Protein chains: 2
Amino acid sequence: MENSAENVRSQMRKGVLEYCILSILDKKEAYASSILDELKSANMIVVEGTVYPLLIRQKNQGLLSYRWEESTQGPPRKYYCITEKGRQQLGEMDAAWQEIVDTIKTIKER
Amino acid sequence: MENSAENVRSQMRKGVLEYCILSILDKKEAYASSILDELKSANMIVVEGTVYPLLIRQKNQGLLSYRWEESTQGPPRKYYCITEKGRQQLGEMDAAWQEIVDTIKTIKER
DNA sequence: TTGAATACCTTGCAACACAAAGTACTAATT
DNA sequence: AATTAGTACTTTGTGTTGCAAGGTATTCAA
């Protein structure tokens with residue numbers, strides 16, 4: 001029922017992943033697999049079944065748009081791109097993140 | 001369906017709250033209402049319905065123990081205290097938290 | 001005895017991450 | 001031509017979490 005170390009990380013990822021993905025797409029458009037690679041290289045382990053539904057959710061909320069692009073290596077890719085609304089949301093997330101970081105610092109330092 | 005700013009914060013709290021509570025109890029024992037007050041004063045808005053079940057969960061996992069203490073002002077208080085196992089878990093959470101903070105820094109700086 | 005303050009607890013719901021399985025396209029083997 | 005490996009996208013079901021809303025119980029003052 002519990003894999004302590006991994007479970008701790010999994011729970012902390014909640015809500016933060018969405019922030020990571022918007023941040024990645026704020027720099028340049030990308031498709032799901034490449035986003036997965038970037039997250040892994042930044043030490044954030046995630047799986048497909050988490051990222052795909054998340055991208056669809058964000059698209060349905062109007063935070064992202066996408067276009068199909070042919071690939072010479074395999075099936076076509078769905079390139080996601082942040083929207084204006086997505087940038088606003090990202091701004092809110094930057095603030096929320098900073099708040100949480102500060103809160104924990106406050107609690108720890110007391 | 002959505003109160004964007006608040007919802008963003010609520011989602012980010014997931015998994016982090018547990019960390020905050022263990023951190024607070026690592027310094028000194030406390031009862032639920034006083035923990036709520038400390039969280040609020042550190043800018044982490046939470047409600048009773050969140051904290052009580054969380055404390056019970058952590059107790060059931062053996063991370064906390066408690067004792068009842070009479071109060072001159074109202075009903076008796078349930079003072080929670082971190083256990084050895086709780087301290088170990090807290091150590092893992094410290095590492096997990098640092099990892100996430102670093103991950104986001106990495107993504108943002110690229 | 002009524003009300004306010006304090007403190008604890010429960011129920012039902014929505015959001016999220018994950019495991020596991022499935023679909024579909026391309027290119028290199030066999 | 002058929003099979004296999006690689007790439008990419010999608011869906012279903014499960015467990016965990018935070019929250020709103022409501023409830024129980026104790027003490028003390030008006």
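Just so it is clear: chains get the letters A, B, ... in the order the sequence lines come, proteins before strands, and each one is counted from 1. As the structure is a prediction and not an experimental result, all values here were calculated from the model.
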S.K.: Ignoring hydrogens and angles, are the base of C:dA15 and the side chain of A:Lys14 linked by a donor-acceptor pair under 3.5 Å?
M.R.: no

S.K.: Rounding to an integer number of Å, can you tell me how far B:Arg13 CZ sits from C:dA14 C1'?
M.R.: 15 Å

S.K.: Return a table of donor-acceptor pairs under 3.5 angstrom between the side chains of residues 94-101 of chain B and protein atoms on other chains or two or more places apart.
M.R.:
from: B:Asp94; atom 1: OD1; to: A:Lys108; atom 2: NZ; distance (Å): 2.9
from: B:Asp94; atom 1: OD1; to: B:Tyr19; atom 2: OH; distance (Å): 2.5
from: B:Gln98; atom 1: NE2; to: B:Asp102; atom 2: OD1; distance (Å): 3.3
from: B:Glu99; atom 1: OE1; to: A:Arg9; atom 2: NE; distance (Å): 3.3
from: B:Glu99; atom 1: OE2; to: A:Arg9; atom 2: NE; distance (Å): 3.3
from: B:Glu99; atom 1: OE2; to: A:Arg9; atom 2: NH2; distance (Å): 3.0

S.K.: Can I get a per-line list of side-chain donor-acceptor pairs under 3.5 Å for residues 39-57 of chain B, giving both atom names and the distance, sequence neighbours left out?
M.R.:
from: B:Ser41; atom 1: OG; to: B:Glu38; atom 2: O; distance (Å): 3.0

S.K.: Once you round it to whole Å, what is the distance between P of C:dA15 and CE of B:Met12?
M.R.: 17 Å

S.K.: Rounded to the nearest 0.5 Å, how far does CZ of B:Arg77 lie from CH2 of B:Trp68?
M.R.: 12.0 Å

S.K.: With the threshold set at under 4.0 Å for non-hydrogen atoms, list the residues of residues 16-30 of chain A touching DNA chain C in residue-number order.
M.R.: A:Leu17, A:Glu18

S.K.: Output yes when at least one side-chain N/O atom of B:Tyr31 is less than 4.0 Å from OP1 or OP2 of C:dC8, else no.
M.R.: no

S.K.: Which residues, ordered by chain and number, are linked to A:Tyr79 in its hydrophobic cluster, where ILVMFWY side chains connect at heavy-atom gaps below 4.5 Å, directly or through other members?
M.R.: A:Tyr31

S.K.: Can you figure out which of D:dC9, C:dC8, D:dG18 approaches the side chain of B:Ser10 most closely?
M.R.: D:dG18

S.K.: For DNA chain D, find the residues of residues 70-79 of chain B with a heavy-atom distance under 4.0 Å and give them by number; none if there aren't any.
M.R.: B:Thr72, B:Gly74, B:Pro75

S.K.: Please examine the side chains of B:Lys78 and B:Lys59, heavy atoms only from C-beta on, and report whether any two atoms are closer than 4.5 Å.
M.R.: no

S.K.: Does a side-chain N or O from B:Arg57 land closer than 4.0 Å to OP1 or OP2 of C:dT10, or not?
M.R.: no

S.K.: To the nearest Å, give me how far apart CD1 (B:Ile56) and C1' (C:dC8) are.
M.R.: 9 Å

S.K.: Stepwise, does the side chain to side chain contact (heavy atoms under 4.5 Å, CB included) test hold for B:Gln89 with B:Met93?
M.R.: CA-CA 6 Å; B:Gln89 175 90 340; B:Met93 287 183 156; 4.0 Å; yes

S.K.: Using a 3.5 Å distance criterion without hydrogens, assess whether the side chain of B:Lys27 forms a donor-acceptor pair with backbone atoms of A:Ile107.
M.R.: yes

S.K.: Kindly give the heavy-atom pair with the smallest separation between A:Ala30 and A:Leu25, and that separation in Å.
M.R.: N-CD2, 3.6 Å

S.K.: Would you jot down, in residue-number order, the residues of residues 37-55 of chain B having a non-hydrogen atom under 4.0 Å from DNA chain D?
M.R.: B:Val46, B:Val47, B:Gly49, B:Thr50, B:Leu54

S.K.: What distance separates A:Leu22 CG from A:Thr83 OG1, expressed to the nearest 0.5 Å?
M.R.: 8.5 Å

S.K.: Measuring from A:Glu29:CD to A:Ile24:CD1, what's the distance to the nearest 0.5 Å?
M.R.: 14.0 Å

S.K.: Side chain of B:Gln11 only, heavy atoms from C-beta on: which candidate in C:dA15, C:dC8, D:dA8 is closest?
M.R.: C:dA15

S.K.: So, does B:Arg9 get its side chain near the phosphate of D:dG18, meaning an N or O under 4.0 Å from OP1 or OP2?
M.R.: no

S.K.: Rounded to the nearest angstrom, tell me the gap between atom CD1 in A:Ile100 and atom P in D:dG18.
M.R.: 11 Å

S.K.: For B:Gln88, give me all partners under side-chain hydrogen bond (donor to acceptor under 3.5 Å, both in side chains), at least two apart in sequence or on another chain.
M.R.: none

S.K.: Going by salt bridge (Lys or Arg N to Asp or Glu O under 4.0 Å), name the residues that satisfy it together with A:Asp26, two or more places apart in sequence or in a different chain.
M.R.: A:Arg87

S.K.: Could you state the atom-to-atom distance from CD of A:Glu69 to P of D:dT7 in whole Å?
M.R.: 18 Å

S.K.: Rounding to a whole Å, what distance do you find between B:Ile35:CD1 and C:dC8:C1'?
M.R.: 13 Å

